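A short write-up of the structure that comes next.
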Amino acid sequence: MKRRQFIKNTAACSTLLSLPFPSASRLFAANLPSDLTNLSASDLSLAIRTKQASCVEVMQAYLDRIHRYNPIYNAIVSMVSDDELLKQALQADQALARNEYWGWMHGMPHAVKDLTPVAGLRYTSGSPMFASRIAEEDSSFVTKIRSQGAIFIGKTNTPEFGLGSQCYNPVFGTTGSACNPALTSGGSSGGAACGLGTHMLPVADGGDMMGSLRNPGAFNNVIGFRPSTTVVMEEGDAKNRLLWTSGPMGRNTRDTINLLQTMALNPVFNDLKPLTLDKIKIGWMGNLDNYLAMEPGIIELCEASLAEVAGAGALVESMQSGFTMSDLWESWTTLRHYGRMNMLDYYEDPNTRELLKPELIWEIEQGLNYNEQDAEKANIIRTNWYSELDRMFGEYDFLVLPTAQVFPFPKEIHWPKEINGREMDTYHRWMEVVILGSMGGIPAVNVPVGFDTKDRPMGMQVMGKFGDDKKVLEFALAYEQITGHLDKRPNLIAVDD
């Protein structure tokens, strides 16, 4: 039977998936692409559900693509064998033939960030200390993804212990940007974002402490969403917010929402529609009144995209917080470095210390300078920042900043030592722009803003009030309708080129 008919209405995907497949098949019709990896995750899900593409066909298409491009981009690591994956895909097809539907990811290939355990798969955290470790059980959100029918094909590359927005480690090497493999993919969810940008993955998960979902999103021209810290994480609450959270990434906003629906503690993200931009008020924070060093060209790209948003009816205003940003940085570094004391055993053992990257050793040594009283003072500053965010969100629907302070840089460079003539005094200072969202624990989505004259991608962070995740995502849906940045596809380099 020829695969001619296909549902091509992503916005209706969640509704369609709830219908019996014959009814869904009759609603819309379009041509199924010859390369199944070109389908969005939402469309791929529907193709499988309506039996217009078999799980074996889908798996083979993705394996072919991975074998062709992954040796160049190095996004996916610890791959399961082709034979085993095709066997699992056949089992998924057989289940569908028995009218057993496992969920929206039924038979879809998925790779989990290598900071998260997946039962039976290698779990290295990018560290030579754990190069041979095999996970004994799934993490909680992996269990949810598995319950939706995903087939785990391997892991996505990450920097050692997720430290740094540059995706390199001594176990697997460096991941390149989907837009140019000579440049960094960002991090720490660099493998995930590159896998999306190269279409080696339909959708991807990651985590974000210091921009680790947002920065790779910008550096690979995909969507990265850091949810409010209580949406996915079981720890903490609105008052006691974690500094980090797991979250979803996608080739587009709809795919990102669908994965968030799977990962969320309280799945309420299945009926989101593009936000009506009339009367929406946006606060553009730029480079924080020159507080942040910014590579030339970034501000201009963001402002050009915001002009399109304004043209669609939103009110965009330049604004600045009255908060002392150097205090926010001091609070951030105190809490971050003091938190590294949970890795002190690795530092004190000479056999493991020699295996740690210099940046981690430095963070641990910084943490040794702090105590509980310092952390308490830092948390007071953070609580004051919550109040300042609430004040600003009382005036604006969204606050917007560039996603990064530099464009993707050569992947041989571990971190930028200076930006636009200003020296960076720490290995992570070049990503200070993301801590406003991280310290607030608020929802923040990276949306693309296009490319510079060197064809390097960039994005901007759209941040909402704590708990306003739906509203942020609905803005991203609307933004995607009025801009075409996600449509630009990279000219990929294959292993046999």
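Given the structure is predicted, the values throughout are model-derived calculations rather than measurements.
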Cut-off 3.5 Å, side chains only: do [X] and [Y] have a donor facing an acceptor?
{"X": "Ser305", "Y": "His485", "value": "yes"}
{"X": "Thr184", "Y": "Gln166", "value": "yes"}
{"X": "Ser189", "Y": "Arg214", "value": "no"}
{"X": "His110", "Y": "Asp205", "value": "yes"}

(request) Describe, in one word, how the ring planes of Tyr346 and Phe130 are oriented to each other, choosing from parallel (under 30°), tilted (30 to 60°) and perpendicular (over 60°). (result) perpendicular
(message) Measuring centre to centre across the rings, with the benzene-like ring taken for any Trp, is His414 within less than 6.0 Å of Tyr427?
(response)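 Judged by ring-centre distance (under 6.0 Å), His414 and Tyr427 do not meet the cut-off.
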(message) Is the distance between the ring centroids of Trp430 and Phe409 under 6.0 Å?
(response) yes
(message) Between the side chains of Lys417 and Glu423, is the shortest nitrogen-to-carboxylate-oxygen separation below 4.0 Å, so that they form an ion pair?
(response) no
Cation-pi between [X] and [Y]: NZ/CZ under 6.0 Å from ring centre and within 45° of the ring axis?
{"X": "Lys155", "Y": "Phe172", "value": "no"}
{"X": "Arg456", "Y": "Phe451", "value": "no"}
{"X": "Arg146", "Y": "Phe141", "value": "no"}
{"X": "Lys465", "Y": "Phe393", "value": "no"}

(message) Taking ring pair (Phe, Tyr, Trp, His ring centres under 6.0 Å) as the criterion, tell me which of Trp332, Trp415, Trp362 meets it with His428.
(response)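 Single pass found, and it is Trp362.
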(message) What verdict does the side-chain hydrogen bond (donor to acceptor under 3.5 Å, both in side chains) test give for Glu317 and Trp284, after you've listed the backbone C-alpha separation in whole Å, the side-chain angles of each residue and the deciding distance to 0.1 Å?
(response) CA-CA 6 Å; Glu317 292 182 349; Trp284 165 234; over 6 Å; no
(message) For the CD atom on Glu234, are there more than 12 heavy atoms of other groups (residues, nucleotides or ligands in this structure) within a distance under 6.0 Å?
(response)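 Incorrect, the count does not exceed 12.
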